[in-house]
Amino acid sequence: MQKSRGIAGLLGTILMIALLAYTVSFGWGGSHSGAMKNIKLGLDLAGGVSITYQTKEKNPSDEDMRDTVYKLQKRVETYSTEASVYQEGDRRISISIPGVSDANEILEELGQPGTLEFQTSDGETVLTGSDIKTAEAKSGQDQTTGANEYMVELQLNKEGSKKFAEATKENIGNQISIIYDGETISSPRVNEAITGGTAYIDGMATFEEAENLAASIRIGGLSLELEELNSQVEGAQLGEEAISTSLYAGAVGLAVVILFMMIVYLLPGLASGLALLIYTGLVLMLLNAFDITLSLPGIAGIILSIGMAVDANVIIFARVKEEISAGKSVRNALKGGFHKALSAIVDGNVTTLIAAAVLWFRGSGTVRGFAQTLALGIVISMFTALVITRMIVYSFYAVGIRDEKFYAKKWKERKPVNFLSKKALCFAISLAVIVVGFGVMGYHQIKGNGMLNYSLEFQGGTSTNVAFHEDYSISEIESEIVPVIEEATGDSEVQTQKVKESNQIIIRTKALSLQQREALNQALADKFEIKDSEITYSSISSTISAEMRQDAVIAVVISTICMLLYIWLRFKDIRFATSAVAALVHDVLVVLAFYAVSRITVGSTFIACMLAIVGYSINATIVIFDRIREELKVRKKKESLAELVNRCITLTLTRSIYTSLTTFIMVFFLFLFGVASVREFALPLMAGIICGAYSSVCITGALWYVMKTKVGKKKEVVKTETGKKK
């Protein structure tokens, strides 16, 4: 690179940081496009619209209620991945959609729930709403005239596909009317038999007309007929303090990480710090551009991707230091460092990206929110590490900073630590921790406390609506009202939410008995002079339904299989893949044991936390396996497999420590400065990071070695210098 290009590169970096800082802080134009303040926030951070429906049927079955809740959840996720639907009482269903403030607009777009039938011209019903998976408005162009076309794409389930194939085959040239709540809303003509389970309704004059028809079909495909009872705008659950403290924690953590990288890696560390600033600006800007809803699980995805962005730089610069220590010039060391680090960075990020993609397609609610931010962060982290950091480092070199003392301190290769000699002890410790975790879960289950400390999101509870005589702020609710509720009910996991433009506060607790409700009534009367008539109670179901949990489990299983196949393909050895998955399962079970022993609340962030640990674990494993794969190709004849594995773990030890430390720093400051719910979310993440560091050093390589030497292979025989066999 020429000096002029180096200067241009550094000036371009400074200009990019300045532009991103201005965009994120202030935005552009009257709408402040790109500004951080325009990022759509979840219910926990910003509140939204709450709508309550009631079934027309007086005694709906539990199965129909669960099915309706699940289908509504899928409908409202088109507005936000963080939207939630839960059952309230025997007949009511409540919907909460974050980031919006106009309940009437949502009701119009969502549609009024009613019955849906597809009927032939002679009145025969060939499909009902239960046969429809989804309906979506589409637009395109007529291939002949070039005019815009608007249509609705229908996706049918297996049974519906079979019934519709027969109906369309028998009614070619005739109309099949769509009857919604007794009214014909469309009468498309059948042009051909539809056998693939996907149908298109065309002929709409505008996209809005197509969207209205799609909305009616979506909401009509429910197991039960619903009627709207009320709608209201709810305030944030956590309040502005959670946002400000999280931002402050992120800024402090990022500053400390950048300072750490500069101290450890000198000039390349400064380059990585500048790249991290660009990374942060791009993430915040693109969260806005892609209209991604950000909540606490989303923050987990961002934190994990920051850790992986730092990880990529650590891998690169550790390689550069090795090259310089081996006597290579700075230029060749930089070239070799980036080249040798490429496979580990790509494989580690691709495996995590596979998991994010599967979680997006198969997950629901907060799982999809986590997957969005994680995928976005991974793509940007790869770009900044492999393109931006590279450009900045080479720009420094091009402008004349070429002395090796600015790039790395020479070091002699340390003597390999015999990690494998301790593998039995490490396996025993891990097994003991996991067994203790399951033992504690069993103990609490026998005692009737539940295996884990499940929150309202998992087990439901009681919703109490109280009309206070004053308009309390969120901080006042936390300091004055919540302690009274906790004392009266004995529940330490109280959730509160304001209803905007009123003095009403929604209080969610674990299921309250009649005695507990009377105690709460008395406490509110004594402290706030609230009358019984100003308090209403209702039972609520879990916001994370059984179907959503099933979706999350299926998504994790599929992503694990996909990662296993990818690692198998890339490393050409099934033992790499199986030991990587085994290490991943180990980390998840250890963190689960931490939840069991500490009794930290298992709520919506639990799923995001466990998924973050999966991504972090697999990435750490890939780095060690990449080094083992590389060293196997140039392995000396006298070196035993055990010696090679010990040497590879030792060579990557610094990376394991530094990456874990930088990621831990980010989460630690979130724990230090965050509000109570944020700290409860950060603590198990810290435990997962420590566990990931331990498993990557003490478990991963040992697992592969055991599988390599004990599973399907004869014990390796290596000749020593004296000619004896061992």
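Predicted, not measured: the structure shown is a model, and the values here were computed from it.
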Is it true that a side-chain atom of [X] and a backbone atom of [Y] form a donor plus acceptor pair closer than 3.5 Å?
X	Y	answer
Y537	R517	yes
Q87	I93	no
Q516	S513	yes
E534	K531	yes
D64	S61	no
E117	I179	no
D491	T509	no
T184	S186	no
R92	Y53	no
E486	P483	no

If you look at every heavy atom in [X] and [Y], which pair is closest and at what distance?
X	Y	value
N453	R599	ND2-O, 3.0 Å
A210	M204	N-CG, 3.6 Å
H469	F528	ND1-O, 3.8 Å
I665	G253	CG2-O, 4.0 Å

Side chains of N449 and Y454: is there a donor and an acceptor less than 3.5 Å apart?
-> no
Between D526 and Q522, a side-chain donor and acceptor under 3.5 Å = yes
Gap between atom CG of N465 and atom CD of Q504 - 0.5 Å precision | 4.5 Å
Give, for atom CG of L520 and atom CD1 of I530, the distance between the pair rounded to the nearest 0.5 Å.
-> 10.5 Å
Heavy-atom count check: over 12 atoms from other residues, nucleotides or ligands less than 6.0 Å from [X] [atom1]?
X	atom1	answer
F668	CZ	no
E57	CD	yes
K527	NZ	no

Would you indicate whether the side-chain heavy atoms of I535 and N521 approach each other to under 4.5 Å?
-> yes
Just one of N503, T536, L524, I481 clears the side chain to side chain contact (heavy atoms under 4.5 Å, CB included) bar with V466, so which one?
-> L524
